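For clarity, every value in this text was computed on a predicted model and none was experimentally measured. The chain is numbered in sequence order, starting from 1.
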Amino acid sequence: MIRIQQIKLAADCKDERAALLKKAAKLLRMEPVAIQSLSLVKRSIDARKKPDICRVYTVDVKVADEQAVFRKIRGKNGQIQLVEEKMYRFPAFEKTAAADAQTGAKAAVAQLPMRTVDRPMIVGAGPAGLFCGYMLAKAGFRPLLLERGREVHKRREDVERFWRDGVLDPGSNVQFGEGGAGTFSDGKLTTTVKDPKGRMREVLRIFVEAGAPEEILYEAKPHIGTDILIKVVENLRSQIIKWGGEVRFESQVTALLTEDDRAAEASALNRRITGVVANGEEIRGGAVVLAIGHSARDTFQMLHELQVPMEAKAFAVGLRMEHPREMIDRLQYGECGISLPAAAYKVTAQTASGRGVYSFCMCPGGYVVNASSESGRTAVNGMSYSGRDGANSNSAMIVTVSPADYETYGGTGPLAGIAFQRHLEERAYEIGQGRVPVERYGDFRAAVCAGRGVQDSGDLRMTTQRNGVSTEIQPADRGGKLRARYPGFTPAIKGAWRFAPVHEILPEFLNQALVEGIDSIGRKMPGFADGDAYLSGVESRTSSPIRILRDETGQSALQGLFPCGEGAGYAGGITSAAMDGILIAEKVAMLYADVLR
């Protein structure tokens, strides 16, 4: 296979494939008809030289006598490489194939019978749990998935009812239910995790097989969108069941069973798990994969009481920031005059104190959503549909916090970060009176400056919203640069919202870092720090505040327990969680291939 990188085409090219064939043929010094096949590996947008915007491609081509063609051009063009196509292989298949070659047996792992009592169990049906279950089911292990929430279509109804009526279902919401928290997000499928085994490519391939658009295989910044994700999740579940797996919804695991059934009285050290208790029922199994997600706080508490080794880890908190989508598009693309996807951004800034401020889960043409999962506490997230055609674009603007920052709110120990999150969410609920609290950035900035005894020198409009006293003022009555430039600019939020003193949610050191960081970014992106941008809060669920320790076999000190995914502290998004689910499936299969029959 010959790989050609850095092929550039005009962003408004009408016949992409024909143009790529022509350019690839020219680079390979042959006629286009000599190229047997051409496939896209990567496609991105280069908007650095506005308004001349182009798309940049990496393609793989097949030709006759590839070695000879490559030798002819080797060393003369660094953008051309000879590559070998590698397919991901599940290790259990490799092990079985080797055994079959030695014994002459024809049976594959997927055809081996297995006792139901020994089958592996997976707690949680988010990306980690679904992909772990998918791989184990495909390998013939007939896993049992236990999900505390509802199946994805009923869950969507529960979430939309909450956004409409404000009645929270603690068991079925943006955080809990089939598909996990990522189902109601932007559906981004990017990750910085290194991938020498090809697990990321396999995740994307399975997504496409389950109904995602084929473009995610080659787009530089692939995403699905919550509307498509719902169908994809349902299809993944159906395939698991087709291969002999089982999925139970509204089945919350409340206890673990160990070899002598006295888990509540003994340390996890040197013990082995034999099953779980879900809805009062004891369920025995050969291995338990713990893919619970970052918001399963009651489960974290249960594990802590069982002395399952875990530790507090750094995470990040902040606020959602909204701008008109048209403004972000113009900042990124300029006045190019052609139709392009809603523009994304990724921004960072370093404060004088050394703290980093950065964007997270940026949602082009999306919505801020009430992502609460506990009564009396408000958390927000970002979400967009596949079309990314909403009026606003938003992103979380966040700051990393460590145990040293948040232990004052929850004492010491592995659960201190949860106490810190809850403190912020309770404050957001209080000032929003149960609705998502929103504040103009100009008011937020002025309040933070006033709290420091510093005069606000920015060109920002002031209001009377100070010191916890919130005056309900409609956007149309307040004027401002952004709303004058983009008429009708108002918060785009799923769920009820109100104007409130958002600056009173976070500790002062975080507010100061956000103002310093946002202002710094605004100097590079004119309008980003405009006083009429909107802030809402609180963004407290960026990642797990806990890591459940595991060894090189993937197991906890409680043998047979496999911490997995984002909630366990080993992932940070849909793709990395799914990849970790595949990794743990590999480890379960290799350790239990001779037991789980």
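- Leu229 CG to Ile574 CD1: the interatomic distance, rounded to the nearest 0.5 Å, is 5.0 Å.
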- Message: Pair Glu250, Arg148 - check salt bridge (Lys or Arg N to Asp or Glu O under 4.0 Å), show working.
- Response: CA-CA 4 Å; Glu250 300 181 66; Arg148 68 190 294 168; over 6 Å; no
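- Take Lys221 and apply the salt bridge (Lys or Arg N to Asp or Glu O under 4.0 Å) test, not counting sequence neighbours, and it matches no residue.
- Side-chain atoms of Trp497 and Ser536, non-hydrogen and from C-beta on, never get closer than 4.5 Å to each other.
- The distance from atom CD of Glu214 to atom OH of Tyr218, rounded to the nearest 0.5 Å, is 6.0 Å.
- Considering only heavy atoms from C-beta on, Val317 stays 4.5 Å or farther from Tyr406 through its side chain.
- Checked by atom type and distance alone, the side chain of Trp163 never pairs as donor or acceptor with a backbone atom of Ala496 at under 3.5 Å.
- Here the CD1-OG1 distance, from Ile431 to Thr378, works out to 9.0 Å after rounding to the nearest 0.5 Å.
- With 3.5 Å as the limit, one finds no donor-acceptor pair spanning the side chains of Gln421 and Arg377.
- A distance of 6.0 Å or more separates the ring centres of Tyr534 and Phe444.
- With sequence neighbours excluded, the residues satisfying side chain to side chain donor-acceptor pair (under 3.5 Å) with Asp580 are Arg550.
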- Where do Asn370 and Ile493 land on the side chain to side chain contact (heavy atoms under 4.5 Å, CB included) test, with the steps shown first? CA-CA 8 Å; Asn370 189 330; Ile493 297 178; 5.9 Å; no
- Assess whether side chain to side chain contact (heavy atoms under 4.5 Å, CB included) is satisfied between Leu482 and Met327, documenting all intermediate values. CA-CA 9 Å; Leu482 282 183; Met327 170 194 153; 3.5 Å; yes
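- Within the 6.0 Å centre-distance limit, the rings of Phe207 and Phe131 are counted as a close aromatic pair.
- In this structure, Asn392 and Pro324 approach most closely via the heavy-atom pair OD1-CA, 4.1 Å.
- By the 4.0 Å N-to-carboxylate-O rule, Glu281 lies close enough to Arg248 to be salt-bridged with it.
- With sequence neighbours left out, the side chain to side chain donor-acceptor pair (under 3.5 Å) criterion links Gln301 to Glu305.
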- In sequence, state the C-alpha distance, the side-chain angles, and the governing distance for Ser393 and Met362, and then conclude on side chain to side chain contact (heavy atoms under 4.5 Å, CB included). CA-CA 8 Å; Ser393 292; Met362 195 266 155; 3.7 Å; yes
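- Shown here are the salt bridge (Lys or Arg N to Asp or Glu O under 4.0 Å) partners of Arg43, two or more places apart in sequence or in another chain: Glu16, Glu219.
- Between Arg155 and Glu151 there is no salt bridge, since no side-chain N of the basic residue sits under 4.0 Å from a carboxylate O of the acidic one.
- A cation-pi contact, defined as under 6.0 Å to the ring centre and within 45° of the axis, is absent between Arg150 and Phe249.
- A donor-acceptor contact closer than 3.5 angstrom links the side chains of Ser386 and Asp227.
- When atom types are taken as modelled, the side chain of Asn173 and the backbone of Asp169 share a donor-acceptor pair closer than 3.5 angstrom.
- Side chain of Ser44 to main chain of Ala220: no donor-acceptor pair is present (N/O by atom type, distance under 3.5 Å, no hydrogens or angles).
- A heavy-atom distance below 4.5 Å is found between the side chains of His304 and Leu415.
- Applying the salt bridge (Lys or Arg N to Asp or Glu O under 4.0 Å) test to pairs two or more places apart or on separate chains, those with a residue in residues 539-548 are Glu311-Arg547, Arg320-Glu539, Glu425-Arg541.
- Side-chain contact of Gln175 with Ser295: a donor-acceptor pair under 3.5 Å is present, judged by distance alone.
- With hydrogens and angles ignored, the 3.5 Å screen pairs a side-chain donor or acceptor of Ser576 with a backbone N or O of Gly572.
- Between the side chain of Lys313 and the backbone N or O of Ser544, at least one donor-acceptor pair lies under 3.5 Å.
- Using modelled atom types, no side-chain atom of Asn511 and backbone atom of Val448 make a donor-acceptor pair closer than 3.5 Å.
- Residues Asp532 and Tyr486 have side chains that never bring a donor and an acceptor to within less than 3.5 angstrom of each other.
- Judged by distance alone, the side chain of Tyr358 and the main-chain N or O of Gly517 form no donor-acceptor pair under 3.5 Å.
- For Thr226 (side chain) and Thr183 (main-chain N/O), a donor-acceptor pair under 3.5 Å exists by modelled atom type.
- Looking only at side-chain heavy atoms (C-beta outward), Arg422 and Ile418 come within less than 4.5 Å of each other.
- Ion pairing of Glu374 with Arg297 is present here, as a side-chain N (NZ or NE/NH1/NH2) and a carboxylate O approach within less than 4.0 Å.
- Under the 4.0 Å criterion applied to side-chain N and carboxylate O atoms, Arg427 and Glu430 are assigned as salt-bridge partners.
- Residues Phe360 and Ser543 form no side-chain contact, since every pair of their non-hydrogen atoms from C-beta on lies 4.5 Å or further apart.
- At least one side-chain heavy atom of Ile328 sits under 4.5 Å from a side-chain heavy atom of Gln332.
- Residue Ile398 comes nearest to Leu514 through the heavy atom pair N-CD2, 4.3 Å, listed as atom of the first residue, atom of the second, then distance.
- At least one donor-acceptor pair under 3.5 Å links the side chain of Thr542 to the backbone N or O of Ala316.
- A salt bridge between Lys494 and Glu160 is absent, with no side-chain N of the basic residue lying under 4.0 Å from a carboxylate O of the acidic one.
- Residues forming a salt bridge (Lys or Arg N to Asp or Glu O under 4.0 Å) with Glu209 (at least two apart in sequence, or on another chain): Arg205.
- Side-chain N or O atoms of Glu147 include one that pairs as donor or acceptor with a backbone N or O of Ala125 at under 3.5 Å.
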- Is there a side chain to side chain contact (heavy atoms under 4.5 Å, CB included) between Leu130 and Leu145 once you walk through the steps? CA-CA 8 Å; Leu130 282 172; Leu145 275 72; 4.2 Å; yes
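- Atom CZ of Arg325 sits about 6.0 Å away from atom CG of Asp329, to the nearest 0.5 Å.
- At least one side-chain heavy atom of Arg156 sits less than 4.5 Å from a side-chain heavy atom of His153.
- At least one side-chain heavy atom of Ile505 sits less than 4.5 Å from a side-chain heavy atom of Pro437.
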